[in-house]
Amino acid sequence: MAELDKYASTYAEHFVMERNDGVLLLRMHTGGGPAVMGLSLHHAWGQVFQEAGNDPANEVLIITGTGGSWMAGLEPDLRERRLTGGRYQTYYDGIKLLENLVFAVDVPTIGAINGPGYHHELALACDITLCTPETVFDDTHFRAGAVPGDGQHLVFQELLGLKRSAMALYTGAGIDAAQALELGLVNEVVPADRLIPRARELAATIMAAPRTTRRLTHAVLQRPWKRRLVDDLGFGRAHQLFQT
């Protein structure tokens, strides 16, 4: 528990962490409320996945948000500060955001999406993904004049297929929870008050298997994501950041 206490304290500004019977619940927040995407949170995601993956006491990882939004918005002038702060650091953090979830976490993962927001790809790339009925998935980069290349595009291509993802990326149209379930973006749509209990139920089912079986099954299930990230993540990220 001492190691968890150490990194939980280090990242307390952005995450609340709670571990029960080997299941680590990682809940992002800003000031105790729904998370607001900023440069420090952008950086912290990759770092906290590395920490969680390094801790052998973590056997299942659940990631979720706070309140009714996965992320409630963006810090003002985030794009301008990303550019003035250095494109490479933004590139690096954007790569590690998803890369460390896939490559650094060697235990089963459950994404529990508590509502609309940004960077749903973190939960969609988990082994199992739940969402609330209020959740809407979209990628509005192209509609805003930017290249969709920060990870959501990649998840859409992998899970929706080429034609559906192209339509979603060009139009920025939202995919509601019912559509997401039908299209295979998520495994279950769960009422908000049942979201975390259901995630814990699934975690308990996973924990009933032997440790080696759990971890090697996760390795098998994550193999397609590893291939996709190696082939495409840096390519998309670079095109997004260096378009101007």
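Hydrogens, waters and symmetry mates play no part in the numbers below; they use all other heavy atoms, side chains included.
Within the 4.5 Å cutoff, the side chain of Phe156 has no heavy atoms near those of the Pro148 side chain. No side-chain heavy atom of Leu154 sits less than 4.5 Å from a side-chain heavy atom of Glu121. Side-chain contact check for Leu130 versus Arg198: some heavy-atom pair is nearer than 4.5 Å. A heavy-atom distance below 4.5 Å is found between the side chains of His43 and Gln47. The shortest side-chain heavy-atom distance between Asp93 and Leu39 does not fall under the 4.5 Å cut-off. When side chains are defined from C-beta on, Pro34 does not count as touching His29, because their heavy atoms never get closer than 4.5 Å. Taking the side chain as every heavy atom from C-beta outward, Val147 and Phe142 never approach each other to under 4.5 Å.
Here CG of Leu97 is found 8.0 Å from CH2 of Trp45. Values are rounded to the nearest 0.5 Å. Between the CG atom in Leu159 and the CZ atom in Arg164 there is a gap of 11.5 Å [rounded to 0.5 Å]. Between the NZ atom in Lys226 and the CG atom in Leu229 there is a gap of 10.5 Å [rounded to 0.5 Å]. Here CG of Asn100 is found 5.5 Å from NZ of Lys96. Values are rounded to the nearest 0.5 Å. Atom-to-atom distance recorded for Leu183:CG and Ser165:OG is 11.5 Å, nearest 0.5 angstrom. How far CG of Asn58 is from OG1 of Thr109: 12.5 Å, rounded to the nearest 0.5 Å.
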| said: Between Arg194 and Glu201, does the salt bridge (Lys or Arg N to Asp or Glu O under 4.0 Å) criterion hold? Intermediate values first, please. | reply: CA-CA 10 Å; Arg194 284 283 302 151; Glu201 289 173 1; 2.8 Å; yes
| query | Yes or no on side chain to side chain contact (heavy atoms under 4.5 Å, CB included) for Gln179 and Asp176, after CA distance, side-chain angles and deciding distance? | reply | CA-CA 5 Å; Gln179 291 174 308; Asp176 65 28; 3.2 Å; yes
| message | Assess the residue pair Tyr118 and Gln152 against the criterion (side chain to side chain contact (heavy atoms under 4.5 Å, CB included)); give the C-alpha distance rounded to whole Å, side-chain angles, the decisive distance to 0.1 Å, and a yes or no. | response | CA-CA 9 Å; Tyr118 304 89; Gln152 184 88 336; over 6 Å; no
| request: List the steps and the verdict of side chain to side chain contact (heavy atoms under 4.5 Å, CB included) for Ile63 and Phe49. | output: CA-CA 10 Å; Ile63 61 174; Phe49 285 142; 4.0 Å; yes
| said: With side chain to side chain contact (heavy atoms under 4.5 Å, CB included) as the criterion, how do Met207 and Asp21 come out once you've worked through the C-alpha distance, each side chain's angles and the decisive distance to 0.1 Å? | reply: CA-CA 9 Å; Met207 286 294 292; Asp21 299 323; 5.6 Å; no
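Without hydrogens or angle criteria, Thr217 side chain to Thr213 main chain gives a donor-acceptor distance under 3.5 Å. Checking side-chain atoms of Thr171 against main-chain N and O of Met167 turns up a donor-acceptor pair under 3.5 Å. No donor-acceptor pair under 3.5 Å is formed between the side chain of Asp138 and the backbone N or O of Ala173. At distances below 3.5 Å, not a single donor-acceptor pair connects side-chain atoms of Arg215 with backbone N or O atoms of Val107. For the pair His42 (side chain) and Gly38 (backbone), a donor-acceptor distance under 3.5 Å is absent.
Closest heavy-atom contact between Trp225 and Leu124: CZ2-O, 3.8 Å. Scanning both residues, Trp70 and His119, for their nearest heavy atoms gives NE1-O, 3.1 Å. Considering all non-hydrogen atoms of both residues, Thr129 and Leu185 come closest at CB-O, 4.3 Å. Of all heavy-atom pairs spanning Ala52 and Tyr7, the tightest one is CA-OH, 4.2 Å. Closest of all the heavy-atom pairs between Pro133 and Ala177 is O-CB, 3.6 Å. Minimum interatomic distance between Arg211 and Pro56 (heavy atoms only, all atoms of both residues): NH2-O, 3.4 Å.
Note on Leu122 and Ile196: separate hydrophobic clusters, where clusters join Ile, Leu, Val, Met, Phe, Trp and Tyr whose side-chain heavy atoms are under 4.5 Å apart, directly or indirectly. Tyr92 and Val48 fall within a single hydrophobic cluster, where Ile, Leu, Val, Met, Phe, Trp and Tyr side chains are chained together by heavy-atom contacts under 4.5 Å. Connection of Phe15 to Val23 is not established within any shared hydrophobic cluster, with ILVMFWY side chains joined at heavy-atom distances below 4.5 Å, either directly or through further cluster members. Neither Val36 nor Leu41 shares a network with the other; the hydrophobic side chains, linked directly or stepwise wherever heavy atoms of I, L, V, M, F, W or Y lie under 4.5 Å apart, form separate groups for each. One hydrophobic cluster holds both Leu98 and Val230 under the rule that ILVMFWY side chains link at heavy-atom gaps under 4.5 Å.
A side-chain N or O of His141 and one of Gln240 form a donor-acceptor pair less than 3.5 Å apart. Side-chain contact, Asp139 with His153: no donor N or O sits under 3.5 Å from an acceptor N or O. A donor-acceptor contact closer than 3.5 angstrom links the side chains of Ser40 and His14. Side chains of His218 and Asp127: a donor-acceptor N/O pair is present below 3.5 angstrom, by distance only. Between the side chains of Thr64 and Arg27, no donor-acceptor pair of N or O atoms lies under 3.5 Å. Under the 3.5 Å distance criterion, with hydrogens and angles disregarded, a donor-acceptor pair is assigned to the side chains of Glu18 and Asn20.
A salt bridge does not link Arg237 to Glu99: none of the charged nitrogens lies less than 4.0 Å from a carboxylate oxygen. A salt bridge is defined here as a Lys NZ or Arg NE, NH1 or NH2 lying under 4.0 Å from an Asp or Glu carboxylate O, and Lys6 with Glu3 fails to meet this definition.
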